[in-house]
Protein chains: 2
Amino acid sequence: MSSHKFKTLDREPVYVKVSRAIEQEIVSGALPEGALLPTEGELCEQFGVTRSSVREGIRLLEQSGLVERGPAKRLVVRAPKISEIAATASRSLAHGGATFREVWETLALFYPQAARLAATRLAPDAIGELKDINQRLRDSENGDVTVDSAVAFFQTIAAGLDNRVMLAMLQSLNIMIGASLAHVIGETPRAKTRIVEAQQKIIAALEAGDEDKAAEWMSRHMDDLMRGYQVAKADLDARIL
Amino acid sequence: MSSHKFKTLDREPVYVKVSRAIEQEIVSGALPEGALLPTEGELCEQFGVTRSSVREGIRLLEQSGLVERGPAKRLVVRAPKISEIAATASRSLAHGGATFREVWETLALFYPQAARLAATRLAPDAIGELKDINQRLRDSENGDVTVDSAVAFFQTIAAGLDNRVMLAMLQSLNIMIGASLAHVIGETPRAKTRIVEAQQKIIAALEAGDEDKAAEWMSRHMDDLMRGYQVAKADLDARIL
DNA sequence: TTATCATGGGTTGTCCGACAATCTCAAGAT
DNA sequence: ATCTTGAGATTGTCGGACAACCCATGATAA
């Protein structure tokens, strides 16, 4: 029988420990945004490890967006941008096998609510931007421009909500829906005219501050997107690319 | 005047190029999930760089969740788990200064919709789990258990929606709201009883498949959470920790 | 025969030392 | 005062070395 239990030994590689140690200092606030980290040489001394290990640890932090190379290539603490968070999340989800159906379903559930909020919160210049986007979509001949405009419409609404958490999530959806639509919507004039019209109705509702109408038309807008996808006879359950 | 324009030279560090090269092979599908990557030595040969650079490049991939050390410590391609995606996103948002107000607002906007979907989709055993959680919340004396139960309730609903994209986003919110509430809800019996009741109403609506009631009570549930926060007289615009 | 053990080669984790490229900053030149 | 130059510091990359570790193969014991 066992008389005493030993805890499993600490077998993390050193470079992970280095990464964690620095991360700890950052998230705890001891190293605020913009603070300069010690040089690699100093980190070696302080941790008592070699530069190779320190550098590998730094790479982990670099990828997670907590530090970047600043002036004189010194390491600087920074906060990841929303767009980076969204890009990372959407890339991971895509690689994890997310399907168009999942993305669309989420979009269809969340964006009408976002539109509702936008009706009470969107700034006038954001509404102006939406009108420009709508015009560009109407003029678009090229398929890429069509998709870009459709996505930009969402993006502008999301950005105008004055909520970083919501923006990060909606932006992730925008990226995924864009990547998905780009491979599908070539020439689907019927779907396009419907999208143009839905956008105009949404813009009108936002301008009037009518929450219900904004949500209602955004919901129809989502249906139009789905229709475009179906017209192209694409597989809803295929991985987005 | 300048007679010819040169493109800016490629001054990415080698380890970044290594990382990108491997990432490209993975996202393109050439290296499917579970595939073994070449050994570090082989990568050195193929890329024509030293092990130091290869290893630093690998760290970038490691942190982004695209590879992990498999049997015999060989590198294996893998898909990041939803929980990791959510953890990364929420950590980044928290570090980026997200406030309780932002998190709650997003929660309040999205979760009623999630409940609506859950009413038509949640499996019976998930509903059973919700009942267990509600019971545990009712019995809870300890503040931590209270918070855990409240979060677990959300988590179970999110997990039952059969949609990885939605799950990732809702789970991010769960993590952030949990971290936030943990620092605030100590003993707020009034808020707790309201939360218990709201959960019960939601469970009943889900069981009956009543979308509107599920959304309605989830919405009130969100209000109760906010009330708990206000009872604790916490600053809504402070960074979540 | 089957189970256990030892051995050896291959791979990773860590260390050390070296050097070119680049950046900072301050002294010196115009 | 501004520009140039040069020393010093720091990062990026290289090369080599070795211990720890993992796996498979074969040897040994039950």
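Convention: sequence-line order gives letters A, B, ...; per-chain numbering from 1. Side chains are part of it too, since the values below use all heavy atoms of this structure and drop only hydrogens, waters and symmetry mates.
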Base, backbone or nothing for each nucleotide of nucleotides 6-19 of chain D, written B, S, -, heavy atoms under 4.0 angstrom, 5' to 3'? ----SBBBBB-B--
Tell me: CG of B:L36 to P of C:dT11, nearest whole Å?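 Roughly 11 Å, once rounded to whole Å.
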Between CG of A:D132 and CZ of A:F153, what distance do you get to the nearest 0.5 Å?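 Here the rounded value is 12.0 Å.
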Salt bridge or not between A:E105 and B:R121? Use side-chain N to carboxylate O under 4.0 Å.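 A salt bridge is present here (some side-chain N lies under 4.0 Å from a carboxylate O).
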Looking at B:R91 and A:E23, is any side-chain nitrogen of the basic one under 4.0 Å from a carboxylate oxygen of the acidic one?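 Salt bridge present between A:E23 and B:R91.
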Run the salt bridge (Lys or Arg N to Asp or Glu O under 4.0 Å) test against A:R136 and tell me which residues pass, sequence neighbours left out.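 Salt bridge (Lys or Arg N to Asp or Glu O under 4.0 Å) list for A:R136, sorted by chain: empty.
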Listed by chain and number, what are the salt bridge (Lys or Arg N to Asp or Glu O under 4.0 Å) partners of A:R101, not counting sequence neighbours?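 So A:R101 forms a salt bridge (Lys or Arg N to Asp or Glu O under 4.0 Å) with A:D237.
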